[in-house]
There are 2 protein chains.
Amino acid sequence: MGANKIGRQAERVYLFVQHFGRRLREIDADLNLSPARFSVLSALAFHGRAKVGELARFERVRLPSMTRLVRDMETAGLVTRRRDRGDRRGVIVSLTPRGLALLKSARQRKIALVRKHLVRKSASRWRALDAALESLEHLTRGESAAGKEKAKHEH
Amino acid sequence: MGANKIGRQAERVYLFVQHFGRRLREIDADLNLSPARFSVLSALAFHGRAKVGELARFERVRLPSMTRLVRDMETAGLVTRRRDRGDRRGVIVSLTPRGLALLKSARQRKIALVRKHLVRKSASRWRALDAALESLEHLTRGESAAGKEKAKHEH
DNA sequence: TATTGTTATACTCTATAACTATA
DNA sequence: TATAGTTATAGAGTATAACAATA
(Lines give C-alpha, C1' and ligand atoms only; values in the text may rest on other atoms or scores of the structure.)
Protein backbone atom coordinates (compact mmCIF):
# COMPACT_ATOMS: atom_id res chain seq x y z
CA MET A 1 0.00 0.00 0.00
CA GLY A 2 1.56 3.34 -1.06
CA ALA A 3 2.26 5.81 1.70
CA ASN A 4 0.44 8.50 -0.26
CA LYS A 5 -2.61 6.37 -0.68
CA ILE A 6 -2.80 5.81 3.07
CA GLY A 7 -2.44 9.53 3.64
CA ARG A 8 -5.30 10.31 1.27
CA GLN A 9 -7.53 7.76 2.94
CA ALA A 10 -6.62 9.17 6.35
CA GLU A 11 -7.58 12.61 5.11
CA ARG A 12 -10.93 11.36 3.86
CA VAL A 13 -11.65 9.91 7.29
CA TYR A 14 -10.90 13.05 9.26
CA LEU A 15 -12.66 15.31 6.77
CA PHE A 16 -15.76 13.16 6.92
CA VAL A 17 -15.74 13.32 10.70
CA GLN A 18 -15.22 17.07 10.65
CA HIS A 19 -18.03 17.71 8.16
CA PHE A 20 -20.54 15.31 9.56
CA GLY A 21 -19.74 16.30 13.13
CA ARG A 22 -20.85 19.76 12.17
CA ARG A 23 -24.19 18.46 10.96
CA LEU A 24 -24.64 16.60 14.23
CA ARG A 25 -23.94 19.71 16.27
CA GLU A 26 -26.54 21.55 14.22
CA ILE A 27 -29.10 19.00 15.34
CA ASP A 28 -28.24 19.75 18.97
CA ALA A 29 -28.40 23.47 18.26
CA ASP A 30 -31.87 23.07 16.76
CA LEU A 31 -32.93 21.52 20.07
CA ASN A 32 -31.43 24.49 21.88
CA LEU A 33 -28.75 22.22 23.32
CA SER A 34 -25.24 23.66 23.45
CA PRO A 35 -22.23 21.36 22.96
CA ALA A 36 -21.25 21.80 26.62
CA ARG A 37 -24.70 20.88 27.91
CA PHE A 38 -25.08 18.01 25.48
CA SER A 39 -21.81 16.60 26.69
CA VAL A 40 -22.78 16.82 30.35
CA LEU A 41 -26.14 15.16 29.66
CA SER A 42 -24.31 12.37 27.81
CA ALA A 43 -21.89 11.87 30.65
CA LEU A 44 -24.72 11.62 33.16
CA ALA A 45 -26.65 9.17 30.98
CA PHE A 46 -23.54 7.03 30.67
CA HIS A 47 -22.14 7.19 34.20
CA GLY A 48 -25.35 7.73 36.11
CA ARG A 49 -25.25 10.42 38.79
CA ALA A 50 -21.86 12.02 39.19
CA LYS A 51 -20.23 14.60 41.41
CA VAL A 52 -19.35 18.02 40.05
CA GLY A 53 -15.65 17.23 40.22
CA GLU A 54 -16.11 13.95 38.36
CA LEU A 55 -18.02 15.72 35.61
CA ALA A 56 -15.24 18.31 35.38
CA ARG A 57 -12.71 15.50 34.89
CA PHE A 58 -14.88 13.64 32.35
CA GLU A 59 -15.39 16.82 30.36
CA ARG A 60 -11.86 18.09 30.90
CA VAL A 61 -12.88 21.48 32.14
CA ARG A 62 -11.95 23.17 35.41
CA LEU A 63 -14.09 22.85 38.48
CA PRO A 64 -15.40 26.44 38.45
CA SER A 65 -16.50 25.99 34.83
CA MET A 66 -18.44 22.85 35.71
CA THR A 67 -19.92 24.51 38.80
CA ARG A 68 -21.40 27.20 36.60
CA LEU A 69 -22.49 24.89 33.78
CA VAL A 70 -24.27 22.55 36.18
CA ARG A 71 -25.87 25.45 38.05
CA ASP A 72 -27.27 26.89 34.81
CA MET A 73 -28.44 23.44 33.71
CA GLU A 74 -30.22 23.07 37.03
CA THR A 75 -31.94 26.40 36.43
CA ALA A 76 -32.97 25.11 32.98
CA GLY A 77 -34.43 21.98 34.61
CA LEU A 78 -32.05 19.52 32.95
CA VAL A 79 -30.27 18.26 36.09
CA THR A 80 -30.63 18.28 39.86
CA ARG A 81 -27.92 18.83 42.48
CA ARG A 82 -27.80 17.53 46.03
CA ARG A 83 -25.25 17.28 48.80
CA ASP A 84 -23.41 13.95 49.04
CA ARG A 85 -24.41 12.39 52.37
CA GLY A 86 -21.26 10.27 52.62
CA ASP A 87 -18.81 13.11 51.98
CA ARG A 88 -20.56 16.38 52.65
CA ARG A 89 -18.05 18.37 50.60
CA GLY A 90 -19.38 16.71 47.43
CA VAL A 91 -22.37 17.65 45.30
CA ILE A 92 -24.13 14.93 43.32
CA VAL A 93 -25.61 15.78 39.95
CA SER A 94 -28.43 13.73 38.35
CA LEU A 95 -30.43 13.88 35.14
CA THR A 96 -34.03 15.06 35.39
CA PRO A 97 -36.67 13.39 33.21
CA ARG A 98 -36.59 16.51 31.08
CA GLY A 99 -32.80 16.30 30.65
CA LEU A 100 -33.05 12.66 29.69
CA ALA A 101 -35.87 13.35 27.24
CA LEU A 102 -33.86 16.10 25.56
CA LEU A 103 -30.86 13.83 25.21
CA LYS A 104 -32.98 11.04 23.74
CA SER A 105 -34.55 13.40 21.31
CA ALA A 106 -31.11 14.53 20.07
CA ARG A 107 -30.06 10.89 19.77
CA GLN A 108 -33.15 9.96 17.77
CA ARG A 109 -32.72 12.80 15.33
CA LYS A 110 -29.11 11.83 14.72
CA ILE A 111 -29.97 8.20 14.18
CA ALA A 112 -32.78 9.20 11.83
CA LEU A 113 -30.41 11.33 9.79
CA VAL A 114 -27.89 8.54 9.29
CA ARG A 115 -30.56 5.92 8.85
CA LYS A 116 -32.15 7.79 5.96
CA HIS A 117 -28.89 7.32 4.08
CA LEU A 118 -28.34 3.71 5.06
CA VAL A 119 -31.69 2.20 4.13
CA ARG A 120 -30.99 2.36 0.40
CA LYS A 121 -27.57 0.71 0.59
CA SER A 122 -26.80 -2.62 -1.05
CA ALA A 123 -25.81 -5.66 0.99
CA SER A 124 -22.18 -5.31 -0.04
CA ARG A 125 -22.09 -1.65 0.99
CA TRP A 126 -23.60 -2.71 4.25
CA ARG A 127 -20.92 -5.30 4.95
CA ALA A 128 -18.24 -2.78 3.99
CA LEU A 129 -19.63 -0.23 6.45
CA ASP A 130 -19.73 -2.85 9.16
CA ALA A 131 -16.09 -3.78 8.62
CA ALA A 132 -15.04 -0.14 8.34
CA LEU A 133 -16.74 0.81 11.61
CA GLU A 134 -14.98 -2.08 13.27
CA SER A 135 -11.65 -0.56 12.21
CA LEU A 136 -12.53 3.05 12.82
CA GLU A 137 -13.98 2.58 16.27
CA HIS A 138 -10.45 1.79 17.47
CA LEU A 139 -9.62 5.40 16.67
CA THR A 140 -11.86 6.52 19.51
CA ARG A 141 -10.30 4.20 22.06
CA GLY A 142 -6.62 5.13 22.09
CA GLU A 143 -5.26 7.94 24.20
CA SER A 144 -6.33 11.45 23.43
CA ALA A 145 -4.29 14.03 21.61
CA ALA A 146 -2.87 15.61 24.73
CA GLY A 147 -2.47 12.35 26.62
CA LYS A 148 -5.49 13.18 28.78
CA GLU A 149 -8.40 10.83 29.15
CA LYS A 150 -11.31 12.56 27.49
CA ALA A 151 -14.60 10.81 28.11
CA LYS A 152 -15.95 8.47 25.43
CA HIS A 153 -19.49 8.45 26.64
CA GLU A 154 -21.50 10.51 24.21
CA HIS A 155 -24.46 8.19 23.86
CA MET B 1 -32.32 -5.80 6.42
CA GLY B 2 -34.07 -5.45 9.78
CA ALA B 3 -35.13 -1.95 10.79
CA ASN B 4 -33.44 -2.42 14.16
CA LYS B 5 -30.21 -3.47 12.59
CA ILE B 6 -30.16 -0.34 10.45
CA GLY B 7 -30.84 1.75 13.51
CA ARG B 8 -27.94 0.22 15.40
CA GLN B 9 -25.59 0.78 12.50
CA ALA B 10 -26.79 4.37 12.22
CA GLU B 11 -26.06 4.84 15.90
CA ARG B 12 -22.54 3.46 15.49
CA VAL B 13 -21.88 5.95 12.72
CA TYR B 14 -22.99 9.03 14.64
CA LEU B 15 -21.29 7.92 17.84
CA PHE B 16 -18.04 7.35 16.00
CA VAL B 17 -18.27 10.81 14.48
CA GLN B 18 -19.09 12.37 17.83
CA HIS B 19 -16.23 10.65 19.64
CA PHE B 20 -13.59 11.05 17.01
CA GLY B 21 -14.65 14.62 16.29
CA ARG B 22 -13.81 15.35 19.88
CA ARG B 23 -10.30 13.95 19.40
CA LEU B 24 -9.86 16.12 16.32
CA ARG B 25 -10.90 19.27 18.18
CA GLU B 26 -8.37 18.42 20.87
CA ILE B 27 -5.67 18.52 18.21
CA ASP B 28 -6.75 22.04 17.25
CA ALA B 29 -6.86 23.04 20.91
CA ASP B 30 -3.29 21.79 21.38
CA LEU B 31 -2.28 24.15 18.58
CA ASN B 32 -4.10 26.96 20.37
CA LEU B 33 -6.65 27.05 17.58
CA SER B 34 -10.27 27.51 18.64
CA PRO B 35 -13.06 25.83 16.64
CA ALA B 36 -14.23 29.25 15.38
CA ARG B 37 -10.78 30.26 14.17
CA PHE B 38 -10.08 26.86 12.67
CA SER B 39 -13.29 27.09 10.70
CA VAL B 40 -12.50 30.55 9.35
CA LEU B 41 -9.00 29.46 8.32
CA SER B 42 -10.53 26.45 6.56
CA ALA B 43 -13.05 28.61 4.74
CA LEU B 44 -10.32 30.97 3.56
CA ALA B 45 -8.11 28.10 2.41
CA PHE B 46 -11.03 26.64 0.46
CA HIS B 47 -12.61 29.78 -1.01
CA GLY B 48 -9.54 32.00 -1.21
CA ARG B 49 -9.98 35.57 0.03
CA ALA B 50 -13.49 36.36 1.14
CA LYS B 51 -15.42 39.33 2.41
CA VAL B 52 -16.47 39.53 6.05
CA GLY B 53 -20.12 39.06 5.11
CA GLU B 54 -19.33 36.01 2.99
CA LEU B 55 -17.42 34.44 5.86
CA ALA B 56 -20.36 35.14 8.16
CA ARG B 57 -22.67 33.31 5.74
CA PHE B 58 -20.26 30.39 5.25
CA GLU B 59 -19.88 29.99 9.01
CA ARG B 60 -23.52 30.76 9.79
CA VAL B 61 -22.79 33.43 12.31
CA ARG B 62 -23.99 37.04 12.35
CA LEU B 63 -21.97 39.83 10.83
CA PRO B 64 -20.92 41.42 14.14
CA SER B 65 -19.62 38.05 15.36
CA MET B 66 -17.52 37.65 12.23
CA THR B 67 -16.31 41.25 12.43
CA ARG B 68 -14.92 40.56 15.87
CA LEU B 69 -13.55 37.10 15.09
CA VAL B 70 -11.71 38.38 12.02
CA ARG B 71 -10.43 41.43 13.87
CA ASP B 72 -8.98 39.25 16.65
CA MET B 73 -7.50 36.83 14.10
CA GLU B 74 -5.87 39.79 12.39
CA THR B 75 -4.36 40.83 15.72
CA ALA B 76 -3.08 37.26 16.11
CA GLY B 77 -1.47 37.47 12.66
CA LEU B 78 -3.60 34.75 11.08
CA VAL B 79 -5.42 36.88 8.48
CA THR B 80 -5.24 40.32 6.86
CA ARG B 81 -8.10 42.70 6.10
CA ARG B 82 -8.28 45.31 3.37
CA ARG B 83 -10.97 47.54 1.84
CA ASP B 84 -12.57 46.17 -1.33
CA ARG B 85 -11.61 48.58 -4.14
CA GLY B 86 -14.63 47.66 -6.26
CA ASP B 87 -17.23 48.16 -3.53
CA ARG B 88 -15.73 50.29 -0.82
CA ARG B 89 -18.26 49.13 1.75
CA GLY B 90 -16.70 45.65 1.68
CA VAL B 91 -13.68 44.31 3.58
CA ILE B 92 -11.65 41.50 2.05
CA VAL B 93 -10.06 38.94 4.36
CA SER B 94 -7.04 36.83 3.35
CA LEU B 95 -4.90 34.17 5.00
CA THR B 96 -1.43 35.16 6.12
CA PRO B 97 1.44 32.70 5.70
CA ARG B 98 1.21 32.13 9.42
CA GLY B 99 -2.52 31.35 9.26
CA LEU B 100 -1.94 28.93 6.40
CA ALA B 101 0.94 27.27 8.25
CA LEU B 102 -1.20 26.80 11.35
CA LEU B 103 -4.00 25.25 9.33
CA LYS B 104 -1.58 22.91 7.57
CA SER B 105 -0.08 21.87 10.83
CA ALA B 106 -3.53 20.98 12.20
CA ARG B 107 -4.28 19.05 9.03
CA GLN B 108 -1.03 17.10 9.22
CA ARG B 109 -1.56 16.12 12.84
CA LYS B 110 -5.05 14.86 12.05
CA ILE B 111 -3.88 12.86 9.06
CA ALA B 112 -1.04 11.41 11.14
CA LEU B 113 -3.46 10.31 13.85
CA VAL B 114 -5.72 8.45 11.44
CA ARG B 115 -2.83 7.13 9.40
CA LYS B 116 -1.27 5.48 12.43
CA HIS B 117 -4.37 3.32 12.68
CA LEU B 118 -4.67 2.58 8.98
CA VAL B 119 -1.16 1.36 8.20
CA ARG B 120 -1.70 -1.95 9.95
CA LYS B 121 -4.97 -2.78 8.21
CA SER B 122 -5.37 -5.77 5.90
CA ALA B 123 -6.21 -5.33 2.22
CA SER B 124 -9.80 -6.40 2.80
CA ARG B 125 -10.24 -3.90 5.64
CA TRP B 126 -8.83 -1.31 3.34
CA ARG B 127 -11.31 -2.03 0.58
CA ALA B 128 -14.14 -2.01 3.11
CA LEU B 129 -13.10 1.41 4.40
CA ASP B 130 -12.90 2.71 0.86
CA ALA B 131 -16.43 1.53 0.09
CA ALA B 132 -17.75 2.79 3.43
CA LEU B 133 -16.31 6.26 2.92
CA GLU B 134 -17.90 6.35 -0.49
CA SER B 135 -21.29 5.79 1.16
CA LEU B 136 -20.74 7.98 4.18
CA GLU B 137 -19.43 10.99 2.31
CA HIS B 138 -22.94 11.45 0.91
CA LEU B 139 -24.01 12.22 4.46
CA THR B 140 -22.02 15.45 4.34
CA ARG B 141 -23.52 16.59 1.06
CA GLY B 142 -27.25 16.62 1.74
CA GLU B 143 -29.06 19.56 3.25
CA SER B 144 -28.16 20.71 6.72
CA ALA B 145 -30.26 20.09 9.77
CA ALA B 146 -31.95 23.47 9.72
CA GLY B 147 -32.19 23.69 5.95
CA LYS B 148 -29.42 26.29 5.88
CA GLU B 149 -26.35 25.84 3.75
CA LYS B 150 -23.50 25.25 6.14
CA ALA B 151 -20.13 25.32 4.49
CA LYS B 152 -18.49 22.02 3.60
CA HIS B 153 -15.00 23.38 3.25
CA GLU B 154 -13.01 22.24 6.26
CA HIS B 155 -9.87 21.13 4.45
C1' DT C 1 -3.42 19.99 55.61
C1' DA C 2 -5.78 18.22 51.61
C1' DT C 3 -10.02 17.94 49.02
C1' DT C 4 -14.49 19.64 47.12
C1' DG C 5 -16.89 23.14 45.62
C1' DT C 6 -18.07 28.14 45.12
C1' DT C 7 -17.42 33.12 44.21
C1' DA C 8 -14.99 36.88 41.82
C1' DT C 9 -13.16 38.31 37.70
C1' DA C 10 -11.67 38.15 32.91
C1' DC C 11 -11.37 36.41 27.98
C1' DT C 12 -13.59 34.33 23.75
C1' DC C 13 -17.43 33.61 20.86
C1' DT C 14 -21.95 34.29 20.19
C1' DA C 15 -26.23 37.41 19.69
C1' DT C 16 -29.33 41.93 18.90
C1' DA C 17 -29.72 46.83 18.34
C1' DA C 18 -28.01 51.09 16.82
C1' DC C 19 -24.77 53.45 14.04
C1' DT C 20 -21.53 54.82 9.82
C1' DA C 21 -20.14 54.72 5.18
C1' DT C 22 -21.02 53.53 0.59
C1' DA C 23 -24.05 52.07 -3.35
C1' DT D 1 -33.25 53.26 0.62
C1' DA D 2 -30.56 49.18 0.86
C1' DT D 3 -26.20 46.95 1.81
C1' DA D 4 -21.56 46.09 4.25
C1' DG D 5 -19.45 46.59 8.19
C1' DT D 6 -18.61 48.33 12.93
C1' DT D 7 -19.53 49.60 17.74
C1' DA D 8 -22.11 48.90 22.06
C1' DT D 9 -23.80 45.71 25.03
C1' DA D 10 -25.16 41.23 26.88
C1' DG D 11 -25.20 36.02 27.63
C1' DA D 12 -22.79 31.40 27.66
C1' DG D 13 -18.77 28.85 28.49
C1' DT D 14 -14.13 28.81 29.50
C1' DA D 15 -10.05 30.04 32.68
C1' DT D 16 -7.22 31.51 37.18
C1' DA D 17 -7.11 33.13 41.84
C1' DA D 18 -9.03 33.49 46.30
C1' DC D 19 -12.24 31.67 49.58
C1' DA D 20 -15.37 28.34 52.53
C1' DA D 21 -16.62 23.99 54.22
C1' DT D 22 -15.54 19.37 55.19
C1' DA D 23 -12.34 15.34 55.68
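Residue numbers begin at 1 in each chain, while the letters A, B, ... track the order of the sequences. Owing to the predicted nature of the structure, the values given are computational and were not obtained by experimental measurement.
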Report summary line: Glu74(B) CD to dT12(C) P, in whole Å, measures 15 Å

Report summary line: Expected list for residues 82-101 of chain A near DNA chain C, using heavy atoms below 4.0 Å, is Arg89(A), Gly90(A), Val91(A)

**Report entry** Residues that Ser124(B) engages under side-chain hydrogen bond (donor to acceptor under 3.5 Å, both in side chains), provided they are two or more places apart
**Finding:** Ser122(B)

Query raised in the report: Does Ser135(A) have any side-chain hydrogen bond (donor to acceptor under 3.5 Å, both in side chains) partners at least two apart in sequence or in another chain, and if so, which?
Result: Arg125(B)

Requested in this report: May I ask you to evaluate whether Thr67(A) reaches the phosphate of dG5(C), defined as a side-chain N or O under 4.0 Å from OP1 or OP2?
Outcome: no

Counterpart residues, salt bridge (charged side-chain N to carboxylate O under 4.0 Å, His left out), relative to [X] (two or more places apart):
{"X": "Arg37(A)", "answer": "none"}
{"X": "Arg109(A)", "answer": "none"}
{"X": "Arg49(B)", "answer": "none"}
{"X": "Glu54(B)", "answer": "none"}

Query raised in the report: What pairs meet the side chain to side chain donor-acceptor pair (under 3.5 Å) rule with one or both residues in residues 63-75 of chain B, with sequence neighbours excluded?
Result: Glu74(B)-Arg81(B)

**Report entry** Pairwise side-chain contact, Leu136(B) with Val114(A), heavy-atom cut-off 4.5 Å (strictly under)
**Finding:** no

Give each protein N/O atom lying under 3.5 Å from an N/O atom of nucleotides 13-20 of chain C, with the pair distance.
from    : atom 1 : to       : atom 2 : distance (Å)
dC13(C) : OP1    : Ser34(B) : OG     : 2.6
dA15(C) : OP2    : Arg62(B) : N      : 2.9
dA15(C) : OP2    : Ser65(B) : OG     : 2.7
dA15(C) : N7     : Ser65(B) : OG     : 3.3
dT16(C) : OP2    : Arg62(B) : NE     : 3.3

